[in-house]
Amino acid sequence: MARVYNWQIRREMSYWYGESRPARQFAAVFDINKCIACQTCTLACKTTWTSGKGQEYMLWNNVESKPYGFYPLGWDVNLLDKLGPQRWSGGRFEGRTLFEAAEAGERVLGWRPEEIDYANPNVGEDDCAGAIENGAHLQVPHMAWFYYLARICNHCTYPGCLASCPRGSIYKRPEDGIVLVDQGRCRGYQECVKACPYKKVFFNPMTGTSEKCIACFPKLETGLQPQCFVNCIGKIRMAGWVSRPSEAREDNPIDYLVHVRKLALPLFPQWGLEPNVYYIPPIHAPRRYLEQMFGPGVEQAIDTYRKAHRDKDLAGLLELFGSTEKVVPRWKRKGELIFGQDEKGREIVRVPMTEPVVIRSRFDVAHGVVRTNCP
Amino acid sequence: MNAVLIRCGVVALLLLFAASCGGPPGAPPSEVIVARTADLPQGPADAAWRHAPVYRAELLLQDMVEPRLIEASTSLVSVRAMTDGSEIAFQLDWKDDTRDDLPSPGRFSDACAVQLPVGISADVPAPQMGEPGRAVEISFWRATWQASLDGRPDDIRAIHPGATVDHYPFEAAGLEPGSKDRAAMRARYSPARALGNVMEGPRERAVEDLLAEGPGSLTRAESQRSDGSGRRSDDGWQVMIRRPLSEALTANGRGQIAFAVWQGAAGEVGARKMRTGWVPIAIEEGS
């Protein structure tokens, strides 16, 4: 085991390989507050990549209702249970990561789903935590709650799947940090399925190899965002590149949300994989539950999000989500306009802070008719 | 004390004697003795196997490199070997309560393998998959492959009989059955097969030739020369693996060999296996 630095837990940790960061790291921000679980992302991915034989059960992208939704069943709670209670101290994780807690003979602490655990991808959908008593009325914060958690592979800086593969069949691309299973080399040992805590590697019984989200790299290579991003009707997602905290840039949308404003948080950072999909946490769910899932930055992130409507930079940047199919590596605000730019500062897209409202007169003079709202 | 030492010394001498000449008459062979034959057996249950002596190979846990096997499973594999002068055939027979030949998430296949050093040298490479620059060649049989060869359809319903499938894009009406376009569309959703890495699905052999230069380096050999078949016995598996004689066996009539067995129900796969160290192997003397 080597010693590597994981900025999400603010300390060095043990990992199977030495620290080797890519030239740039694929990353994403998902705004949970906007997700309605329509599963358009899920279907966009499914039709693009996993419509083959043996891929029937695979969901490289899925959306589950928390706290009772899981795919596969119990993916997070099983591991939390196995790892046992751990401790953060301030922003630093003092407990054991999955690499540090590996059992004898293993490289990573993991668990192996059984076939049946994949049988109910929509288990717990829209089930809320707690009972609604007779006569209850809506309060804020909600007395019963749930939220939608959209998930893809986190293209981790320290992937559990990569560490676990005894054959070195999994690699992290040096140019963009995307984690891939070499389909020419994999022999289907399923060690990665066991080791990935997010359970985003799937065994294909018809090819005998394991497969996973590829971050739509053929699109990314041409400057386009992945399918699950551009098909999101709620515009909850933005793809881009995340820097290390010391190299964060204010004009990089992902850096701004993750490092500068600390609004978007990693999923289960305590597991030690430095995952690269960052979530704006839901504002209405219990803090303790959210802190377990997104780490100690939850309180600050929610506070920032609640005030975002008074913050033109933040509110403006969130307007860029879903505004273009292209990856937007730079951004700036000029008055009431927000610009998405390429690396050289050339404009890709511009969006207004507020969409203009147009009110049409009741009578259409040009056509000599009264306008009505038709279904 | 002295008597104990003397007794130990005598036992050691006897063991040395047994190792060097195949053991005293009547004792089980301490090396794999390859019986000569004009025609190799046709399958694992061929009656001709009774002409070959049985070597009982005790299996050890692979607990040297991660991922390791922590709990021992199969303790013994019975080995017979025969040669016709150019090829060698092995019969491996071991106990296994369950048939595990379905590939699926969280399921693993029963399997076995024989391993031989590449080339001829005075000493052998590390028994655990060889070492860098000192390769081993492996003939690997897997129960899922046997099931495919024995006729299991290349269809998810053969694995999950209750499965329903709405539609596969490569079966769209616009794509003629058997057409290039249909094949291309299908390959798009099956990258491992498109790359020729057929770990499951239709295949010509249940045995694969592999090369390794240490743990984690296993590679498919360019030339596939091994063949064989397996069948469920009353209480386990009986497998025949047939391959060309190794260089050492051809030149010297002697060499080293290792065996491995995987029990799918115990989650054994890849490095998680029961295996032997190097075992001496010799072609029986005579014409």
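Chain letters run A, B, ... following the sequence lines, proteins first and then strands; every chain starts at 1. Below, each value reflects all heavy atoms present in this structure, side chains not excepted, and no hydrogens, waters or symmetry copies. Quick caveat, the model's predicted, so the values are computed rather than measured.
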With a 6.0 Å cut-off (strictly less than), is the heavy-atom count around CD of A/Glu175, excluding the residue itself, greater than 12? yes
With a 4.5 angstrom heavy-atom cut-off, could you sort out which part of B/Arg203 is near chain A: side chain, backbone, both or neither? neither
Between A/Asn204 and B/Met199, is any pair of side-chain heavy atoms under 4.5 Å apart? no
Contacting region of A/Trp16 [heavy-atom separation from chain B under 4.5 Å]: side chain
Under 4.5 Å between any side-chain heavy atoms of A/Lys194 and B/Pro67, yes or no? no
Distance in Å, B/Ser104 OG paired with A/Gln190 CD, rounded so as to fall on 0.5 Å steps: 8.0 Å
Which answer fits B/Trp145, side chain, backbone, both or neither, if we ask what part of it has an atom under 4.5 Å from a heavy atom of chain A? side chain
Region of A/Tyr118 that comes under 4.5 Å of a non-hydrogen atom in chain B: side chain
To the nearest 0.5 Å, atom CE of A/Met1 lies from atom CD of B/Glu66 at 8.0 Å
Taking side chain as C-beta onward, heavy atoms only, is A/Gln183 less than 4.5 Å from B/Leu195? yes
Residue part contacting chain A, namely of B/Glu268, when any heavy atom lies under 4.5 Å: neither
Heavy-atom side-chain contact between A/Lys53 and B/Val165 under 4.5 Å: no
Taking all non-hydrogen atoms of both residues, which atom of B/Ile159 and which atom of A/Met206 are closest, and how far apart? CD1-SD, 3.8 Å
Side chain / backbone / both / neither for B/Leu218 at chain A, heavy atoms under 4.5 Å: both
Bottom line for B/Thr144: the part with an atom under 4.5 Å from chain A's heavy atoms is neither
Under 4.5 Å heavy-atom distance to chain B, tell me which part of A/Arg112 shows up: side chain, backbone, both or neither. side chain
Verify the distance criterion only: is there a donor paired with an acceptor across the side chains of A/Gln55 and B/Tyr168 at less than 3.5 Å? no
Is it the case that more than 12 heavy atoms not belonging to A/Glu100 sit under 6.0 Å from its CD atom? yes
Do we see a donor-acceptor contact under 3.5 Å between the side chains of B/Glu200 and A/Thr207? no
Contact part of A/Glu211 toward chain B, heavy-atom cut-off under 4.5 Å: side chain, backbone, both or neither? side chain
Okay, B/Leu61 and chain A: the region with an atom under 4.5 Å from a heavy atom over there is neither
Atom group of B/Arg188 that falls short of 4.5 Å from chain A, counting heavy atoms: neither
Below 4.5 Å from any heavy atom of chain B, which atoms of A/Glu115 appear? Answer side chain, backbone, both or neither. both
Which region of A/Thr47, side chain (C-beta onward) or backbone (N, CA, C, O), has a non-hydrogen atom less than 4.5 Å from a non-hydrogen atom of chain B, or is it both or neither? backbone
Identify whether the distance between the nearest side-chain nitrogen and carboxylate oxygen of A/Glu106 and B/Arg272 falls below 4.0 Å. yes
With salt bridge (Lys or Arg N to Asp or Glu O under 4.0 Å) as the test, would you mind laying out the steps for B/Arg68 and A/Glu103 before giving the verdict? CA-CA 10 Å; B/Arg68 289 182 277 152; A/Glu103 295 166 319; over 6 Å; no
Is it the backbone or the side chain of A/Thr50 that comes under 4.5 Å from a heavy atom of chain B, or both, or neither? backbone
For A/Pro113, is it the side chain, the backbone, both or neither that has a heavy atom under 4.5 Å from a heavy atom of chain B? backbone
So what's closer than 4.5 Å to chain A heavy atoms on B/Arg107: side chain, backbone, both or neither? both
Take B/Phe140 and A/Arg187 through the test side-chain contact (heavy atoms from CB on, under 4.5 Å) and record every step on the way to the result. CA-CA 13 Å; B/Phe140 176 68; A/Arg187 290 184 67 83; 3.8 Å; yes
Among A/Cys186, A/Gly168, A/Cys165, A/Ser169, single out the residue with the greatest number of heavy-atom pairs under 4.5 Å to chain B. A/Cys186
Just checking B/Ile70: does its CD1 atom have more than 12 heavy atoms from other residues, nucleotides or ligands closer to it than 6.0 angstrom? yes
So which residue, B/Asp155, B/Val198, B/Asp63, B/Leu102, ends up with the most heavy-atom pairs under 4.5 Å with chain A? B/Asp155
Looking at every heavy atom in both A/Tyr189 and B/Phe108, which two are closest together, and how far apart are they? O-CE2, 3.4 Å
Gap between atom CZ of A/Arg167 and atom OG1 of B/Thr219 - 0.5 Å precision: 6.5 Å
Which heavy atom of A/Trp49 sits nearest a heavy atom of B/Tyr189, and at what distance? O-CD2, 3.6 Å
Considering all heavy atoms of both residues, which atom of B/Pro169 and which atom of A/Ser51 are nearest to each other, and what is their separation? CD-O, 3.3 Å
Taking C-beta and beyond as the side chain, do A/Pro205 and B/Ile156 meet within less than 4.5 Å on heavy atoms? yes
